[in-house]
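Here the structure comes first, spelled out in structure tokens, and everything after it is commentary.
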Amino acid sequence: MRLLAIVGPTASGKTQLGIALARALGGEILSADSQQIYRGMEIGTAKPTAEERAAVPHHLLDLAEPAELLSAGAWAREAERAIAEVAARGALPIIVGGTGLWLRALLHGLVELPEVDRALRVQLMEEGARLGSQALHTRLAAFDPKAAATIEPANLQRVVRALEILEQTGEGPSAHWERHRFRPARYQARLLGLSPPRELLYARIDARAAAMFREGLLEEARLLMERYPGAPALERAIGYREARAVLEGEMSIEKAIESTAMATRRYAKRQLTWFRREEALEWLPWPVDVGALIGRLGEEGWRGNYPVP
RNA sequence: GCCCAGGUAGCUCAGUUGGUAGAGCAUUGGACUGAAAAUCCAAGUGUCGAUGGUUCAAUUCCGUCCCUGGGCA
């Protein structure tokens, strides 16, 4: 099955480009964004607006409540289903998003494992907090030295995940990984990368952070916090955690804007690191010549059966 | 004008009983198989306010000056 994917760091213009391509090529958009899946988290996640969603069908937004957790695997299964639907309709599926792991989960699949056992995870994290990440890493090394060698002892999250796999399957993660290795590309995918010059990207991020607070992020966060107290997504997502600090009187708005922009810049940098490694990816020259790109993709047959407006 | 405290990395600061310095954050690079906007790893950076003196050697001690904050006038 053929599909297009537009990736890149946050604030690089993926949403806009996706819409332009979808309109011109008869496509529908599937978001690959780990935060835009949350209902109610609109401003802070820069979710496509109602107008944008009216212009082109969007999928995989608003899949969960902020209090819920959606695993990469669960999301990928949802995405497969949505892609099949879009394709069945004769439209070109266009994935738009910046969550590298989720893209990989969709395009290459993850190892086959049982769903995350929340209780087990909580228990292991508590142990980690008590005994230290190193101690759990030592335990992992005793059962699966290969996996332990690839995980930093200080990286509690990864150490715990590895121990979960061991507990749940009776087999160390390295055995699963070796059998899997992301080998099969499950779709005929054309990956396009957006990467504005760093200075410009950072300027856009700074402007966006300020705009979010100007456009009501605090109010949105306040309502969500009331409705979903302690929701992990609200504590984790950039912008929302800063908004919470403001609402709890721990931070000034100016500081929150600055801190949001800073965290976003760091996040964008990590996204770039992730996507740079993707060798099948074509980085589009900046600024993107959208008309030329549409022409080229159309000639190559990347289009749906929809009438081109 | 006088008194006190301070001036060290982009920022906040530590430090050197005299042998030209260091942490956190930022920045940059990297890792990533169901938390991924998460988590973790690595690296660079300095006319140590200026100037004169003492000394083999001054960012460190002494003098003068400049700047910042506070107090007194």
Side-chain angles (χ1 to χ4, degrees), chain A residues 9-11 31-38 41 44-47 64 66-79 97-118 120-122 124-125 128 133-134 136-137 144 146-147 149-162 164-165 168-169 171-184 198-199 202 205 208-209 212 231-243 255 258-278:
Chain A
T10 186
S31 165
D33 186 299
S34 66
Q35 306 305 307
Q36 291 182 359
I37 59 159
Y38 292 112
M41 292 172 63
T45 63
K47 201 182 282 180
E68 296 177 295
L69 286 172
L70 187 67
S71 72
W75 174 82
R77 286 188 287 276
E78 276 299 304
T99 304
L101 176 64
W102 287 22
L103 253 327
R104 185 181 295 169
L106 174 65
L107 300 179
H108 295 275
L110 299 174
V111 291
E112 302 259 338
L113 292 173
E115 251 314 310
V116 176
D117 180 338
R118 284 296 294 162
L120 176 60
R121 176 167 294 181
V122 168
L124 285 166
M125 284 306 289
S133 182
Q134 310 278 333
L136 294 198
H137 188 266
D144 188 346
K146 277 190 197 163
T150 66
I151 300 173
E152 291 285 346
N155 199 337
L156 183 60
Q157 237 178 59
R158 290 262 154 70
V159 174
V160 164
R161 177 58 193 154
E164 282 173 26
I165 293 173
Q168 289 189 93
T169 69
E171 211 176 8
S174 67
H176 292 100
W177 295 338
E178 272 160 35
R179 265 180 257 130
H180 180 75
R181 293 198 169 156
F182 297 115
R183 268 172 303 219
R198 191 66 66 96
E199 255 186 51
Y202 284 4
I205 286 171
R208 180 188 266 188
M212 283 175 176
L234 297 173
E235 286 174 11
R236 200 159 45 223
I238 297 170
Y240 293 90
R241 58 195 195 205
E242 284 80 7
K255 186 81 212 317
E258 193 188 308
S259 172
T260 297
M262 193 175 82
T264 307
R265 279 183 243 126
R266 292 174 48 77
Y267 167 51
K269 202 170 75 67
R270 274 178 274 131
Q271 288 178 298
L272 285 166
T273 299
W274 183 288
F275 292 125
R276 264 184 221 129
R277 213 174 71 154
E278 183 63 64

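Lettering of chains follows the sequences in order, A, B, ..., and the numbering in each one begins at 1. As the structure is a prediction and not an experimental result, all values here were calculated from the model.
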Of the non-hydrogen atoms in A:Ala46 and A:Gln36, which two are nearest, and what is the gap between them? O-NE2, 3.2 Å
Least distance between heavy atoms, A:Arg236 atom then A:Arg241 atom: O-NH1, 3.0 Å
Rounded distance [0.5 Å steps], CD1 in A:Ile151 versus CG in A:Asp144: 8.0 Å
Give me the distance, rounded to whole Å, that separates B:rC2 from B:rG10 when you measure between the C1' atoms they each carry. 36 Å
Select base, sugar-phosphate, or nothing to describe what A:Thr264 touches, counting heavy atoms under 4.0 Å on all strands. nothing
Heavy atoms only, 4.0 Å cut-off, all strands: where does A:Gly44 land among base, sugar-phosphate and nothing? base
Exceeds 12 heavy-atom contacts within 6.0 angstrom, atom CD of A:Glu112: no
Given B:rG34, B:rU33, B:rU39, identify the nucleotide with an atom nearest to the side chain of A:Phe182. B:rU33
Looking across every strand, which nucleic acid part, if any, lies under 4.0 Å from A:Val111 by heavy atom: base, sugar-phosphate, or nothing? base
Rounded to whole Å, how long is the line connecting atom CG of A:Leu113 with atom P of B:rU33? 11 Å
I'd like the P distance from B:rG24 over to B:rU17, given in whole Å. 23 Å
Here the distance between atom P of B:rA38 and atom CG of A:Asp33, to the nearest Å, is 12 Å
Span that lies between the C1' atom of B:rA58 and that of B:rG63, in whole angstrom: 14 Å
Would you mind checking if A:Arg121 and A:Glu164 are paired as a salt bridge, meaning a charged N to carboxylate O distance below 4.0 Å? yes
I'd like a list of close polar pairs between nucleotides 26-30 of chain B and the protein, N/O only, cut-off under 3.5 Å.
unit_1	atom_1	unit_2	atom_2	d
B:rU28	OP1	A:Arg198	NH1	3.4
B:rU28	OP1	A:Tyr202	OH	3.0
B:rU28	OP2	A:Tyr202	OH	3.2
B:rG29	OP1	A:Arg198	NH2	3.1
B:rG29	OP2	A:Arg198	NH1	3.2
B:rG29	OP2	A:Arg198	NH2	3.4
B:rG29	N7	A:Lys269	NZ	2.7
B:rG30	OP1	A:Arg276	NH1	3.3
B:rG30	OP2	A:Thr273	OG1	3.2
B:rG30	OP2	A:Arg276	NH1	2.2

Would you mind reading off the distance between A:Glu152 atom CD and B:rA38 atom C1', rounded to a whole angstrom? 16 Å
What is the distance from atom CE of A:Met41 to atom CD of A:Gln35, rounded to the nearest 0.5 Å? 5.5 Å
The answer to which of A:Leu70 and A:His180 contacts RNA chain B further toward the 5' end, by nearest nucleotide, is A:His180
Nearest whole angstrom, please: distance from the P of B:rA36 to the CH2 of A:Trp75. 12 Å
At their closest point, which heavy atom of A:Pro232 faces which heavy atom of A:Pro66, and how far apart are they? CD-O, 3.8 Å
Atom CG of A:Asn155 and atom P of B:rC40 are separated, to the nearest Å, by 6 Å
If we take the C1' atom in both B:rU54 and B:rU8, what is their distance in whole Å? 23 Å
Measuring only between side-chain heavy atoms, which start at C-beta, is A:Glu242 closer than 4.5 Å to A:Met212? no
Calculate the interatomic distance between A:Glu258 atom CD and B:rU12 atom P; express it in whole Å. 12 Å
Nearest whole angstrom, please: distance from the C1' of B:rU39 to the CG of A:Leu124. 16 Å
Need one value for A:Glu115: base, sugar-phosphate or nothing, where a base atom within 4.0 Å counts as base even if backbone is also close, heavy atoms only. base
Give me the distance, rounded to whole Å, that separates B:rG71 from B:rC56 when you measure between the C1' atoms they each carry. 44 Å
B:rC11 and B:rA26: how far apart are their P atoms, nearest whole angstrom? 15 Å
For A:Trp102, answer base if it contacts any base atom (sugar-phosphate contacts may also be present), sugar-phosphate if it contacts only those atoms, and nothing otherwise; contact means non-hydrogen atoms under 4.0 Å. sugar-phosphate
For A:Ala263 and for A:His176, locate the closest nucleotide of RNA chain B by heavy-atom distance; then report the residue assigned to the nucleotide nearer the 5' terminus. A:His176
So A:Met125, base contact, sugar-phosphate only, or nothing? Heavy-atom distance under 4.0 Å. base
Secondary-structure string, 5' to 3', Watson-Crick or G-U under 3.5 Å, | for another-strand partners, for RNA chain B: (((((((..((((.....[..)))).(((((.......))))).....(((((..]....)))))))))))).
Could you state the interatomic distance from CZ (A:Arg198) to NZ (A:Lys269), rounded to the nearest 0.5 Å? 7.0 Å
Pair A:Thr10, A:Gln271: side-chain N/O donor-acceptor within cut-off below 3.5 Å: no
If I pick the C1' atom on B:rA35 and the same atom on B:rU39, what distance separates them, to the nearest angstrom? 8 Å
Just label B:rG6 as syn or anti from its O4'-C1'-N9-C4 or O4'-C1'-N1-C2 angle, using within 90° of 0 for syn. anti
Can you tell me if A:Arg158 touches the phosphate of B:rC41, counting only side-chain N or O atoms and a distance under 4.0 Å to OP1 or OP2? no
Minimum heavy-atom distance A:Ile37-A:Asp33, with the two atoms named: CG2-O, 3.4 Å
Candidates B:rC40, B:rA36, B:rU33 - which lies nearest the side chain of A:Thr99: B:rA36
What integer number of Å spans the P atoms of B:rA38 and B:rA21? 36 Å
What is the distance, rounded to the nearest whole Å, between atom CD1 of A:Ile151 and atom P of B:rA35? 13 Å
Might you point out which heavy atoms bring A:Arg161 and A:Leu113 nearest each other, and give the distance in Å? NH2-CD1, 3.3 Å
